[in-house]
Number of protein chains: 2
Amino acid sequence: MNEVKKESKQGKIRAQSEAKIIEAAQEEFILQGYKGATVQSIADRAGLPKANILYYFKNKENIYHAVLEHTLDTWDKGIGDIDPDQGPKIAIEKFIASKVRMSFQHPSSSKIYAMEIIQGAQHLKEFARTYLRKWVREKAALFQHWIDNGEMVDVDPYKLIFLIWSTTQHYADFEIQVLTVMNRAEYEEEDQEQVTAFLTDIILRGCGLK
Amino acid sequence: MNEVKKESKQGKIRAQSEAKIIEAAQEEFILQGYKGATVQSIADRAGLPKANILYYFKNKENIYHAVLEHTLDTWDKGIGDIDPDQGPKIAIEKFIASKVRMSFQHPSSSKIYAMEIIQGAQHLKEFARTYLRKWVREKAALFQHWIDNGEMVDVDPYKLIFLIWSTTQHYADFEIQVLTVMNRAEYEEEDQEQVTAFLTDIILRGCGLK
DNA sequence: AAATATTTTAACCTTATAGTCAAGTTGCTA
DNA sequence: TAGCAACTTGACTATAAGGTTAAAATATTT
């Protein structure tokens with residue numbers, strides 16, 4: 001009973017500072033990598049003295065943990081669950097739309113996650129082994145059900161999920177390449193819609209749903 | 001005239017050592033990031049003393065450059081050019097097959113490249129602005145031609161190329177996630193074929209080519 | 001075989017950085 | 001408003017890592 005009260009009271013300044021630090025750290029970790037991001041550079045970006053950073057987080061490793069947690073939170077909140085009753089077409093449409101939205105609204109979270117996986121998922125092995133595996137298994141079963149029912153073409157559900165993940169995240173992780181290749185400075189409003197429309201169109205057709 | 005001779009003579013030991021170093025460095029850069037990979041760790045992995053590494057490469061930055069060059073070489077050699085006369089179906093099939101092959105045969109090159117792009121493409125901006133942009137533009141024009149000819153469904157060719165890139169590279173870059181989610185230890189022979197078949201199937205259908 | 005070029009390596013130096021500490025300041029509670 | 005807790009911050013320390021050097025060993029050429 002005390003704990004909650006205490007947390008909510010001490011939270012004022014703490015919560016604000018921690019949020020600032022996590023945001024700054026996220027950018028630094030992306031740009032410089034874990035080792036390359038210095039506590040000083042995080043402090044500079046957050047506009048706080050270094051010692052203050054280490055007052056809120058015991059050490060650099062803990063900052064990184066907080067950034068990863070923040071990333072998973074963002075992911076979790078952003079991906080609406082699939083409703084089995086709505087059928088494959090609506091399910092895939094919604095899934096694509098939410099993933100594209102996440103990529104355009106929270107590219108940094110996507111990048112941090114991608115780097116962590118590429119580098120061997122040292123900190124996310126457990127997450128993948130438990131939460132993610134279960135999530136994918138459930139969704140795959142749903143797709144398989146629709147396939148068995150003749151509601152969509154027979155494709156490997158796991159690979160379909162990977163396809164949707166990869167194509168949507170590409171616009172966040174490879175943002176710079178996409179923009180450079182297309183000779184554009186930054187994404188605009190309509191890009192998100194156009195990407196959603198394109199992916200929905202081609203994937204639905206690929207699944208025999210058009 | 002002397003230069004070539006000199007190079008070929010001095011190359012014996014040098015070429016071997018450099019190759020060993022580049023391979024070791026590639027793994028270290030992936031696992032630890034640029035700053036996190038130490039010259040010592042590269043030396044250990046290559047089985048050479050640190051000072052020897054710095055005899056062949058002036059400094060760490062140069063090692064990284066060599067790794068990136070090696071990556072671009074690999075990419076360049078591995079991607080067969082599209083023959084305009086063969087039509088969209090064969091073109092896409094071949095493109096997917098070669099990209100999947102690259103992902104399964106040279107995952108480390110894919111990972112290094114991905115990390116470099118995610119981190120802002122500091123060393124590859126020029127490559128993307130010139131070579132890559134031109135490459136994509138040419139291929140996109142080809143697809144557009146086929147679309148105008150009614151040989152395939154009207155989809156944005158740029159986005160189609162990004163889709164093929166992202167879905168194929170996913171199996172290299174996110175290898176660990178794919179394996180973990182599917183509760184597998186490592187890829188097997190048939191995985192490459194199955195992925196190729198799946199992607200070819202769904203993408204061709206998505207392009208109205210099935 | 002002598003002379004020259006290349007390669008190997010230990011020891012050393014310098015700098016950058018994670019983390020500590022202690023002294024001060026601000027904010028909250030009774 | 002007094003006292004306690006939370007916060008702020010400059011100065012300091014230890015260590016790890018990039019890079020240098022010089023001398024020895026090995027290859028290569030003539």
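Worth saying up front: this structure is predicted, and the values here are computed from it rather than measured. Protein chains get the first letters and strands the later ones, always in sequence-line order, with residue 1 at the start of each.
- The CD1 atom of A/I13 sits 6 Å away from the P atom of D/dC7 (whole-angstrom rounding).
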Return all side-chain donor-acceptor pairs below 3.5 angstrom for residues 43-56 of chain A, not counting sequence neighbours, or 'none' if the list is empty.
unit_1 : atom_1 : unit_2 : atom_2 : d
A/D44  : OD1    : A/Q40  : NE2    : 3.0
A/R45  : NE     : A/E28  : OE2    : 2.7
A/R45  : NH2    : A/E28  : OE2    : 3.0

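- Considering only residues two or more places apart in sequence or on other chains, B/R129 meets the salt bridge (Lys or Arg N to Asp or Glu O under 4.0 Å) condition with B/E126.
- Spacing between atom CD of B/Q40 and atom C1' of C/dA10 amounts to 12 Å, rounded to whole angstrom units.
- Proximity of B/Y55 to the phosphate of D/dT21: no side-chain N or O atom is located under 4.0 Å from OP1 or OP2.
- The shortest distance between the side-chain N/O atoms of B/N52 and the OP1/OP2 oxygens of C/dT7 is not below 4.0 Å.
- Contacts between residues 21-36 of chain B and DNA chain D, defined by a heavy-atom separation under 4.0 Å, are absent.
- Between B/Y34 and the options B/Q122, B/E61, B/E116, B/K60, a side chain to side chain donor-acceptor pair (under 3.5 Å) holds for only B/E61.
- Atom CG in B/L48 sits about 11 Å away from atom C1' in C/dT7, given to the nearest Å.
- At a cut-off of 3.5 Å, with distance as the only test, a side-chain donor of A/Y131 or A/D76 sits close to an acceptor on the other residue.
- Whole-Å rounding puts the A/E18 CD to D/dA6 C1' distance at 13 Å.
- Here the straight-line distance linking atom NE2 of B/H123 with atom CD1 of B/I112 works out to 11.0 Å at 0.5 Å rounding.
- Under the rule for a ring-ring contact (aromatic ring centres under 6.0 Å, His included), the partners of A/W135 that lie at least two apart in sequence or sit in another chain are A/W75, A/F95.
- Place A/A37 and B/P49 on DNA chain C by their nearest nucleotides, and B/P49 ends up nearer the 5' end.
- Taking atom CG of residue A/D44 and atom P of nucleotide D/dT9, one finds them 13 Å apart after rounding to whole Å.
- Between B/F57 atom CZ and D/dG18 atom P the separation is 15 Å, expressed in whole Å.
- Remark: the A/Q169 side chain and the B/S166 side chain contain no N/O donor-acceptor pair separated by less than 3.5 Å.
- B/Y56 has a side-chain polar atom (N or O) that falls below the 4.0 Å cut-off from OP1 or OP2 of C/dT8.
- Side chain to side chain, B/S41 and B/T38 meet the donor-acceptor criterion of an N or O pair below 3.5 Å.
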Short heteroatom pairs, N/O only, protein and nucleotides 19-25 of chain C, under 3.5 Å:
unit_1 : atom_1 : unit_2 : atom_2 : d
C/dG19 : OP2    : A/K60  : N      : 2.8
C/dG19 : N7     : A/K50  : NZ     : 3.2
C/dG19 : O6     : A/K50  : NZ     : 2.8

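- Checking the phosphate oxygens (OP1, OP2) of C/dT7, a side-chain nitrogen or oxygen of B/R14 falls inside 4.0 Å.
- One atom, CD1 of A/I53, and another, P of C/dT17, lie 15 Å apart when rounded to the nearest Å.
- Among residues two or more places apart in sequence or in another chain, the salt bridge (Lys or Arg N to Asp or Glu O under 4.0 Å) test is passed with B/K89 by B/E93.
- The CD atom of B/Q16 sits 15 Å away from the C1' atom of D/dT26 (whole-angstrom rounding).
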